[in-house]
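The structure appears right after this line, and notes come after that.
Hydrogens, waters and symmetry mates play no part in the numbers below; they use all other heavy atoms, side chains included. A, B, ... follow the sequence lines: proteins, then strands. Residue 1 opens every chain.
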Amino acid sequence: MRRQYPFHLIEPKWQRYWETEAVFRAWNPGDVIPANHPFARRHGLSGAVPADRLPPKYYILDMFPYPSGAGLHVGHPEGYTATDILARYHRALGRNVLHPMGWDAFGLPAEQYAIRTGQHPRKTTEANITVFRRQIKSLGFSYDWSREIDTTDPRYFKWTQWIFLKLYNSWFNPASGNAEPIETLPCPAENADAFRDSKRLAYVSHAPVWWCEELGTVLANEEVIDGKSEVGGFPVTRRPMRQWMLRITAYAERLLAGLEKIDWSESLKEMQRNWIGRSEGAEVQFSLAGGGQAITVFTTRPDTLFGATYMVLAPEHALVESITTPEQHAAIVAYKAEVSRKSDLERTELAHDKTGVFTGAFAINPVNNEKIPIWIADYVLATYGTGAIMAVPGHDTRDLEFARQFDLPVRVVVQAPAGDESIGFLGDGVSADSDFLTGLPTPEAKKKITAWLEEKGLGRKTVNYKLRDWLFSRQRYWGEPFPIVWQPGPDGQFRHQPLPESALPLQPPPLTDFKPTSTGEPPLARAVEWVELPGGARRETNTMPQWAGSCWYYLRFTDARNDHEFCGPAAEKYWMGTEPSGQSTRPGVDLYVGGTEHAVLHLLYSRFWHNVLYDLGCVSTPEPFFKLINQGIILGDDGQKMSKARGNVVNPDDILGEYGADAFRLYEMFMGPLEMVKPWSTKGVEGVYRFLGRVWRLFIDEESETKFEQSQAAGGAENPAALADIKVSAVIKDVPATPAQLKTLHACIKKVTEDMDGFRFNTAISALMIFVNDAIAWETRPAGVMSDFLKLLQPFAPHLAEELRAKISDAPTLAWEPWPRFDPAVLAEDKVEIPVQVNGKLRDKIVVAAGVSPEEIQAAALASEKVQQFIGGNQVKKIVVVPKRLVNIVV
RNA sequence: GCGCGAGUGGUGGAAUGGCAGACACGCCAGACUUAGGAUCUGGUCCCGAAAGGGGUGGAGGUUCAAGUCCUCUCUCGCGCACCA
């Protein structure tokens with residue numbers, strides 16, 4: 001296809017200019033700002049400027065990518081374009097904009113590639129970053145590249161390790177509800193060390209964890225989906241291992257409460273709430289019929305206690321062994337073996353048929369002293385609540401299924417509202433057959449029974465969470481090593497000890513074989529010289545998970561080159577705190593854009609770390625991300641998810657080569673609302689590309705362009721300098737605009753500005769198109785109007801806007817020029833057209849002077865012949881006049 | 001099963017409760033052209049020659065007025081899912 005305009009010369013030209021002039025550099029308080037920087041000229045500031053004299057900040061952040069070997073995907077630039085448009089818009093509004101980019105580069109694919117090829121992950125990672133950087137730069141985003149970060153850079157992960165030490169050296173004080181330095185923890189005289197270790201926010205656990213054989217590592221709960229690894233979809237099994245955990249459960253309440261203060265979509269907040277999974281209920285103790293240790297259950301429906309007809313323990317429950325009777329012993333052992341053989345996947349897939357075995361033991365229901373049988377069944381999870389339940393088959397679907405399977409008694413103890421079937425009724429009703437609860441509505445019954453249990457010492461009100469502590473270690477090479485050594489004690493036991501801050505960064509050892517060892521130890525164990533320290537101490541050989549680096553990268557961006565601190569307090573306060581000028585009420589990152597895939601992983605982990613850092617006085621706000629938008633994914637042109645197998649993957653490089661970056665950016669925004677899932681259409685790219693061609697022709701003298709093209713074709717090699725030979729069209733003149741032209745311009749300013757504030761980029765672009773469709777018919781195009789149009793176009797199609805602006809003006813760059821202001825007076829119409837309806841149906845349109853009274857509008861409407869025709873002989877019952885809007889005549 | 005979100009032309013999508021279909025794709029016709037996969041002009045929800053009528057997944061309701069608000073229902077997408 002014939003090129004609409006020489007984007008292939010224009011785009012690299014401006015990208016080079018922006019880069020060499022550091023046009024998009026964001027200035028920290030105290031930075032020395034050169035007087036010739038466009039920021040300095042715009043704001044009349046230069047030299048070292050303190051925070052209170054800098055303009056209001058705007059921190060707009062993308063979720064930084066994992067630089068995979070596949071290169072950039074069309075999904076990446078969707079969010080990046082949206083943030084870039086807003087970054088440019090806010091610069092034009094006069095804000096100091098922080099808009100950074102970096103690489104979340106620790107990760108499994110690089111390591112697996114290394115295992116297959118022997119290529120060091122550092123090398124593949126660097127190669128991938130190079131590709132990503134080139135691709136992202138070719139889109140003309142206004143990032144401040146001086147703040148580029150890479151999570152695998154020792155200058156970066158030094159501080160990831162430093163934050164780990166902060167966690168390690170802290171405990172959560174339930175009294176204050178805050179993390180505090182471990183020194184403040186009151187310890188018993190004996191076993192003080194062990195006590196402290198049991199309270200740290202980073203601690204060692206020996207519990208069963210998800211192990212993925214195929215990946216050769218353990219995974220966090222959040223990384224396991226339907227019994228398979230989130231990465232690769234490999235089966236996982238449960239196995240007890242020594243692992244590092246982070247005490248995120250201590251923050252469950254704070255993480256829930258914090259959601260109320262931030263501007264995220266309701267669905268995203270809901271996902272986090274579901275993951276945290278708070279439920280209020282009661283713990284109830286059931287004593288054993290034959291004596292022995294009582295069994296505690298958790299229930300959200302203590303009001304149904306009279307309906308408990310049996311009890312179920314998880315097969316893994318600690319008491320199973322001791323309560324099982326000799327007769328049942330063999331069956332129990334067999335069942336436990338069967339359950340442990342099943343992967344989690346099988347357990348969920350076979351969820352329909354309930355299985356279980358009677359232990360032979362009985363418990364006493366504390367409210368009525370009934371003997372109820374104790375079973376074990378895998379529908380009760382060891383990891384939730386107390387791992388034991390009281391079964392109320394009358395009012396719980398699962399218990400009912402189980403009771404029917406094994407012919408256990410079912411008792412109705414909640415009367416459903418009239419009409420509903422009572423057996424299996426799950427909602428709130430009125431207690432029945434429940435002694436002192438009978439007749440009480442469910443909420444009251446809950447209160448009464450809980451109080452009764454507390455009084456008798458048989459139970460208490462509790463809150464349970466689905467959220468588990470965060471499994472924080474991985475058996476990988478390509479991750480941050482833990483700044484921990486294991487020291488042998490006098491008893492021969494090894495004890496963990498933190499490295500001093502001065503020992504950071506702790507670099508991973510050089511290796512050539514990245515597989516786990518034959519004994520199942522992590523790959524780092526292969527580096528014997530690195531692991532074994534003088535005096536018999538050994539380094540921790542696990543590494544941190546990929547999430548570690550992304551938990552705090554937004555903080556590093558505020559002060560990315562600081563060698564002394566993870567980020568300087570002044571920078572952190574300026575960019576993340578409430579502004580000193582008081583002009584922003586948005587704590588943290590003003591706007592964060594990224595995909596939903598991180599809804600419960602990165603976004604929950606980050607909030608957790610940030611809360612801890614806040615408690616420890618390292619950051620000035622408790623929540624990191626004030627506003628968050630999830631961009632919708634882009635499907636293939638067949639409406640299916642893009643995948644290599646379907647062959648519907650669109651490569652951004654191809655689109656860029658054929659239509660240019662501006663067209664690509666514009667198309668991604670024109671497709672539809674940012675949050676929506678939408679299919680790709682290369683035809684659609686052609687549409688916006690044609691639009692950019694029309695913009696070009698709005699400004700350019702055709703004859704000079706034809707000559708330019710001929711010389712380019714003749715000259716063989718294409719010469720960017722020749723762009724100067726393209727002349728401005730003669731119809732662009734330095735003349736005052738007509739009222740109609742001003743109206744077109746201001747309608748465009750109004751719409752684009754409003755849409756920017758509402759993140760409606762698709763309709764903003766259509767407003768730009770409307771301007772162009774109109775302006776193309778103008779015989780004279782006033783330079784001032786055309787220049788303002790370019791300022792509106794600049795955030796969307798910056799290269800073309802800069803090039804055209806440079807042709808009609810001497811100003812060096814558009815990037816820092818003030819956003820055009822909309823003047824309502826210009827748009828004021830002296831006449832308005834008003835639709836007239838009869839009985840809600842459009843019948844005519846009348847034109848009246850603006851500002852006339854409703855009575856006059858009504859008279860004009862009734863004067864219409866067409867309207868009279870539809871009224872006919874009927875009596876007019878009512879006339880609704882909405883000034884400037886519409887008239888409705890009811891007959 | 002539970003929780004979110006969405007259903008509007010052939011397509012992507014527009015519409016503070018106030019003219020449904022902006023803008024664009026596609027298609028049709030025309031102009032300019034040696035040519036057109038360039039550009040420009042006009043047309044394009046459905047039925048109807050027109051007048052007019054119908055129309056935002058479906059059924060009700062509120063209102064002078066409903067794509068928009070309420071109730072029920074269907075379909076699709078996403079998330080969670082034996083969480084007691």
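- Residues Asn464(A) and Ser279(A) bring no donor and acceptor atom of their side chains to less than 3.5 Å of each other.
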Taking N or O atoms only and anything under 3.5 Å, show me the protein contacts with nucleotides 42-47 of chain B, one pair per line.
none

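- For Ile770(A), the listed nucleotide lying nearest its side chain is A22(B); candidates were A84(B), A22(B), C19(B).
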Check: Given Val312(A) and Ile376(A), is the side-chain contact (heavy atoms from CB on, under 4.5 Å) satisfied, shown in steps?
Finding: CA-CA 5 Å; Val312(A) 186; Ile376(A) 66 169; 5.6 Å; no
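- Within the nucleic acid shown, Asn773(A) comes within 4.0 Å of sugar-phosphate atoms alone, with no base atom in reach, counting heavy atoms only.
- Here Lys845(A) lies in heavy-atom contact (under 4.0 Å) with a base.
- Applying a 4.0 Å cut-off to non-hydrogen atoms, the residues of residues 667-677 of chain A that approach RNA chain B are Phe670(A), Met671(A), Pro673(A), Met676(A), Val677(A), listed by residue number.
- Across the C1' atoms, A15(B) and G79(B) are found 30 Å apart, a figure rounded to whole Å.
- Taking each heavy atom of Ala403(A) and Val410(A) in turn, the nearest pair found is CB-CG2, 4.2 Å.
- Within the 3.5 Å criterion, the main-chain N or O of Phe425(A) finds a donor-acceptor partner in the side chain of His395(A).
- The backbone N or O of Ala282(A) lies less than 3.5 Å from no partner atom in the side chain of Thr299(A), so there is not a single donor-acceptor pair.
- Residue Asn762(A) has no polar side-chain atom (N or O) positioned under 4.0 Å from OP1 or OP2 of C23(B).
- Side-chain atoms of Ser431(A) and Asp303(A) include no donor-acceptor pair closer than 3.5 Å.
- Closest of all the heavy-atom pairs between Glu78(A) and Met669(A) is O-CE, 3.2 Å.
- In this structure, the nucleotide among A84(B), C19(B), C64(B) sitting nearest to the side chain of Thr299(A) is A84(B).
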Quick test: give all pairs of protein nitrogen or oxygen and nucleotides 25-28 of chain B nitrogen or oxygen below 3.5 Å, distance rounded to 0.1 Å.
unit_1, atom_1, unit_2, atom_2, d
C25(B), OP1, Arg690(A), NE, 3.3
C25(B), OP1, Arg690(A), NH2, 2.8
G26(B), OP2, Arg690(A), NH2, 3.1

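- Base pairing analysis places C64(B) opposite G18(B); the two distances defining the Watson-Crick or G-U wobble pair are each below 3.5 Å.
- Searching all strands for a Watson-Crick or G-U wobble partner of U56(B) with both distances below 3.5 Å returns nothing.
- G13(B) atom C1' lies 12 Å from atom CE of Met769(A), rounded to whole Å.
- Between Ile276(A) atom CD1 and G3(B) atom C1' the separation is 15 Å, expressed in whole Å.
- Using modelled atom types, one finds no donor on one side chain facing an acceptor on the other under 3.5 Å when comparing Tyr465(A) with Thr249(A).
- The side chain of Thr763(A) lies closest to A22(B), out of C23(B), A84(B), A22(B).
- Taking all atoms of both residues into account, the shortest heavy-atom contact from Ser265(A) to Asn630(A) is OG-OD1, 4.4 Å.
- Separation of the Phe771(A) and Trp778(A) ring centroids falls under the 6.0 Å cut-off.
- To the nearest whole angstrom, the two C1' atoms, one in G67(B) and one in G55(B), are 11 Å apart.
- Note on Arg760(A): every side-chain N or O is 4.0 Å or more away from OP1 and OP2 of G13(B).
- For an aromatic pair to be called close, the ring centres must be under 6.0 Å apart, and Trp696(A) with Phe7(A) fails this.
- As rounded to whole Å, 17 Å separates atom C1' of C82(B) from atom CH2 of Trp375(A).
- Using atom C1' as the reference point in both C45(B) and U39(B), the two lie 29 Å apart (nearest Å).
- Under the 90° criterion around 0 for the glycosidic angle, G9(B) counts as syn.
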Protein and nucleotides 50-53 of chain B: nitrogen or oxygen contacts under 3.5 angstrom:
unit_1, atom_1, unit_2, atom_2, d
G53(B), OP1, Arg843(A), NH2, 3.2
G53(B), OP2, Arg843(A), NH1, 3.1

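- Separating the P atom of G18(B) from that of G13(B) is a span of 22 Å, rounded to the nearest Å.
- Across all strands shown, the partner of G12(B) is C23(B), judged by Watson-Crick or G-U wobble contacts whose two distances both fall under 3.5 Å.
- Atom name C1', nucleotides G53(B) and C74(B): the rounded distance is 28 Å, in whole Å.
- Side chain of Gln4(A), nearest nucleotide from U39(B), C19(B), C23(B): U39(B).
- Spacing between C32(B) and A66(B) at atom C1', rounded to whole Å, works out to 48 Å.
- Comparing atom distances between the Tyr379(A) side chain and each of U16(B), C82(B), A84(B) picks out C82(B) as nearest.
- Nearest nucleotide to the Met271(A) side chain, out of C19(B), G3(B), G79(B): G79(B).
- Thr397(A) comes within 4.0 angstrom of no nucleic acid atom, judged by non-hydrogen atoms across all strands.
- Aromatic pair Tyr379(A)/Phe402(A): centroids less than 6.0 angstrom apart.
- Within the nucleic acid shown, Asn274(A) has no heavy atom closer than 4.0 Å to any nucleic acid atom.
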Side chains of residues 760-770 of chain A: which donor-acceptor pairs under 3.5 Å do they make with residues two or more places apart or in other chains?
unit_1, atom_1, unit_2, atom_2, d
Arg760(A), NE, Asp755(A), OD1, 3.0
Arg760(A), NH2, Glu754(A), O, 3.3
Arg760(A), NH2, Asp755(A), OD1, 3.3
Thr763(A), OG1, Asp755(A), OD2, 2.8
Thr763(A), OG1, Arg760(A), O, 3.2
Ser766(A), OG, Thr763(A), O, 2.9

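- Nucleotide G3(B) is matched to C78(B) when pairs are restricted to Watson-Crick or G-U wobble geometry with both distances under 3.5 angstrom.
- Residue Ser267(A) places none of its side-chain N or O atoms closer than 4.0 Å to OP1 or OP2 of G3(B).
- Atom P of nucleotide A15(B) and atom CG of Asp755(A) are separated by 8 Å, given to the nearest angstrom.
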Show me the side-chain donor-acceptor pairs of residues 878-886 of chain A shorter than 3.5 Å, one per line, residues at least two apart or across chains.
none

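- Comparing Arg301(A) and Thr596(A) by the nucleotide of RNA chain B whose heavy atom lies nearest to each, the residue mapping closer to the 5' end is Thr596(A).
- Remark: side-chain polar atoms of Asp469(A) are paired, donor with acceptor, to backbone N or O of Ile248(A) under 3.5 angstrom.
- Of all nucleotides present, only U41(B) satisfies the Watson-Crick or G-U wobble test against A29(B), with each distance under 3.5 Å.
- As rounded to the nearest Å, G5(B) and A49(B) have C1' atoms that lie 46 Å from one another.
- Ring orientation note: the planes of Phe789(A) and Phe699(A) are close to parallel, at an angle under 30° on the 30°/60° scale.
- Going from atom CG of Leu305(A) over to atom C1' of A84(B) covers 13 Å, rounded to whole Å.
- The same atom, C1', is picked in A65(B) and in U16(B); the two are 15 Å apart, to the nearest Å.
- RNA chain B is contacted by both Tyr465(A) and Val880(A); Val880(A) maps to the nucleotide lying nearer its 5′ end (nearest heavy atom per residue).
- Because its NZ or CZ atom is not both nearer than 6.0 Å to the ring centre of Trp264(A) and within 45° of the ring axis, Arg273(A) does not count as a cation-pi partner of that residue.
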